[in-house]
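Below is one structure; the comments refer to it alone.
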Amino acid sequence: MFNKRVLIKNLLNLEPDNQKVSVMGWVRTFRNDQFIALNDGSTNKNLQVVLELGKFDNELLKRITTSAALKVDGVVIPSPGKGQKLEIKATSVEILGDSDPEKYPLQPKKHSLEFLREIAHLRFRTNTFGSVFRVRHALAFAIHEFFNDRGFLYMHTPIISASDAEGAGELFHVTTLPLNNVPKNEDGSVNFNEDFFQRSTNLTVSGQLEAELGATAFGNVYTFGPTFRAENSNTARHLAEFWMIEPEMAFYDLEDNMDLAEDFIKYIIKYAVDHNREDLEFLTQRLEEEEKQLPLEKRNEMKLLGKLEFVLQHQFERITYTEAIDILTESNYNKKKKFQFPITGWGMDLQSEHERYLVEKHFKKPVIIRNYPKEIKAFYMRQNDDGKTVAAMDILVPGIGEIVGGSQREERLDKLEQRMKEMNIPEKDLWWYLDIRRYGTVPHAGFGLGFERIVQFVTGMGNIRDVIAFPRTPGNAEF
RNA sequence: UCCUCAGUAGCUCAGCUGGUUAGAGCAUCUGACUGUUAAUCAGAGGGUCACUGGUUCAAGUCCAGUCUGAGGAGCCA
């Protein structure tokens, strides 16, 4: 077998005892024609491979360049040097793939994240992105583990959808119609009868409505898949293609929903803290270095790992929308007119500066806001008895803002139909959604969590484009 | 989409009120050294100053437009 290699992560934990091993990886640095720092992506730590002087010919040594791929056979011995417990004394070195040093763009030094974004195909080979993507993987794994342990069914909702029922944003159209000669109806509109699906279709903006269908048969389901929004958003928190987790639970009210969401967030953070300590320590240090460039008042009071531990140890603050408005109205910030958008009172939508104030200045921890005015929320959210609010909840976290949006869903057919009429949502497109309310309707609830945002929160990366492998943003679909 | 700032070597940046041949560190190459840890030391090569147009005797520097990126805002997850 070709691949009998030992992972460097595992190898570094061995007690050195002249074990014969075979390792493969990419060269990070090569010093003094003797010392190769070899990395295989299993950890940020490099394996030191030592080549005895004079034992390897010059032509080979010249090909050991940064990022060349190597197969090394050797024995594990204690390292006489200071930086590491053990090293490999090489008996043979095989170049699997050369790397032209004149052209290879990465150096053993700090690169800007903007530059690395332009070479996203190579940035995994840096410590920062190595850590980020190992943490991303751990979080994804923990998500499935959390739901599986609780008896949730992983449901695959369609990527191509005919409904924009949620009105969650601008759509990417899916069509096979010839773009240079689109068939038209007599009134000038596009004739979708000639299109592949014989109707207008788009990439999904959410799997929620379909997940609700699953929940009313399986009880508890969740989705975890890609989602698409064609909004022209140019921010550090938005992507045109992102991954979303959407659990949907039958026999759940808003309270149950909030409990689950809080447990869920804590579970996956704890998983990463327990399983990716080394990566998180590296990212904590990285963030600290980066923040040294900032003025004092802009730095985070807590270091990354400290912040994660803090979130695990404390209950999320739970307040109603009405209480949030009161707190904002009474705040010194408001009295000194420091908000760019003034607090105009009950019924207003919260701006991100208001959410930040609540989370970062007032409570200084994650906050769940519930019972929003129905006018500023989606049609499917359950109307409360006061006639003014709906059973919605948003979870806000420091530094990111909204990370979860959820609600108890309206299970009463008459109330749902009435709300759809008020908001001009055509019933004929959603007959299947309404059917669920006709045949054994039950109280149910769910939420959506933007995966990249939780990865940002856990890794401390400031820009969402640095926590997804190949970001899709307006004007950018490279790779 | 709006506001603000930026774009100079492969990377990170300096370049003053416009003025001779545009600089540094790192990277790369050559040599020395050989238990190094982003090794060290010596030397060398490397530039359409984002692009287009304008002002001027003279533009990296000033003006206009375009493109790209960043920060903030809106929309949201």
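All values derive from a computational prediction rather than experimental measurement.
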Please report the distance separating the C1' of B/U8 from the corresponding atom of B/C13, rounded so that it comes out in whole Å. 9 Å

Under 4.0 Å, counting only non-hydrogen atoms across every strand here, what does A/Glu355 touch: a base, just sugar-phosphate, or nothing? nothing

Quick one: is A/Arg31 getting a side-chain N or O under 4.0 Å of the B/A39 phosphate, OP1 or OP2? yes

Rounding to an integer number of angstrom, what distance separates B/C49 and B/G65 when you compare their P atoms? 22 Å

If we call it a pair only when both distances are under 3.5 Å in a Watson-Crick or G-U wobble match, what pairs with B/A42? B/U30

Any A/Asn32 side-chain N or O less than 4.0 Å from OP1/OP2 of B/U36: no

Quick one: the side chain of A/Gln84 and the base of B/U36, do they pair up donor-acceptor inside 3.5 Å? yes

How many whole angstroms separate atom CD of A/Glu478 from atom C1' of B/G69? 15 Å

Across all strands shown, which nucleotide pairs with B/G47 by Watson-Crick or G-U wobble geometry, both distances under 3.5 Å? none

Quiz question: going by heavy-atom distance under 3.5 Å, is there a donor-acceptor pair between the base of B/C75 and the side chain of A/Ser233? yes

For the residue pair A/His354 and A/Phe339, does the interplanar ring angle fall in the parallel (under 30°), tilted (30 to 60°) or perpendicular (over 60°) class? perpendicular

Whether the A/Ser67 and A/Tyr104 side chains hold a donor-acceptor pair (N or O, under 3.5 Å, no angle test) is what I'd like checked. yes

Need one value for A/Gln34: base, sugar-phosphate or nothing, where a base atom within 4.0 Å counts as base even if backbone is also close, heavy atoms only. base

Rounding to 0.5 Å, atoms CZ (A/Arg63) and CG (A/Asp100) come to a distance of 12.5 Å

Hey, does A/Asn46 reach any base, or is it just sugar-phosphate, or nothing, if we go heavy atoms under 4.0 Å? nothing

Taking atom types as modelled, is there a side-chain donor on A/Tyr380 or A/Gln208 under 3.5 Å from an acceptor on the other? yes

Cation-pi check, A/Arg150 onto A/Tyr267 ring (under 6.0 Å, within 45° of axis): yes

Is there a Watson-Crick or G-U wobble partner for B/U21 with both distances under 3.5 Å, and if so, which one is it? none

Do A/Asn371 and A/Thr320 have a side chain donor and acceptor closer than 3.5 Å? no

Please determine, by modelled atom types, if A/Arg31 and A/Thr29 share a side-chain donor-acceptor pair under 3.5 angstrom. yes

Determine the interatomic distance between C1' on B/A38 and the same-named atom on B/A22; round to the nearest Å. 29 Å

Is the closest side-chain donor-acceptor distance between A/Gln456 and A/Glu452 under 3.5 Å? no

Checking only heavy atoms, does the side chain of A/Glu52 share a donor-acceptor pair with the base of B/G35 at less than 3.5 Å? no

Taking atom P in both B/G35 and B/U20, what distance in whole Å separates the two? 49 Å

Does OP1 or OP2 of B/A70 have a side-chain N or O of A/Asn234 closer than 4.0 Å? no

Contact list for RNA chain B against residues 102-128 of chain A - heavy-atom distance below 4.0 Å: A/Glu102, A/Gln107, A/Pro108, A/Lys109, A/His111, A/Ser112, A/Glu114, A/Phe115, A/Arg117

Using a heavy-atom cut-off of under 4.0 Å over every strand shown, decide if A/Ser352 touches base, sugar-phosphate, or nothing. sugar-phosphate

Return the nucleotide paired to B/C62: Watson-Crick means purine N1 to pyrimidine N3 with N6-O4 or O6-N4, wobble means G-U with N1-O2 and O6-N3, both under 3.5 Å. B/G54

Could you let me know what B/C5 is paired to, Watson-Crick or G-U wobble, both distances under 3.5 Å, or none if it's on its own? B/G69

For the residue pair A/Lys364 and A/Phe310, would you count it as a cation-pi contact if the rule is NZ or CZ under 6.0 angstrom from the ring centre and within 45 degrees of the ring axis? no

Could you tell me how far apart A/Asn44 (CG) and B/A38 (C1') are, to the nearest whole angstrom? 15 Å

Distance check, C1' atoms only: B/A39 and B/C3, in whole angstrom units. 48 Å

When the P atoms of B/A27 and B/U40 are compared, how many Å lie between them, rounded to an integer? 7 Å

Mind checking A/Arg465 for me? I need base, sugar-phosphate or nothing, with any heavy atom below 4.0 Å counting as a touch. sugar-phosphate

If you check the A/Ser79 side chain, which of B/G35, B/C75, B/G71 turns out closest? B/G35

B/A14 to B/G7 separation - C1' atoms, rounded to the nearest Å: 15 Å

Quote, to the nearest angstrom, the C1' distance that separates B/C16 from B/G72. 31 Å

Sugar-phosphate, base or nothing in reach of A/Gln351, heavy atoms under 4.0 Å: sugar-phosphate

Spacing of A/Glu290 atom CD relative to B/U12 atom C1', expressed in whole Å: 15 Å

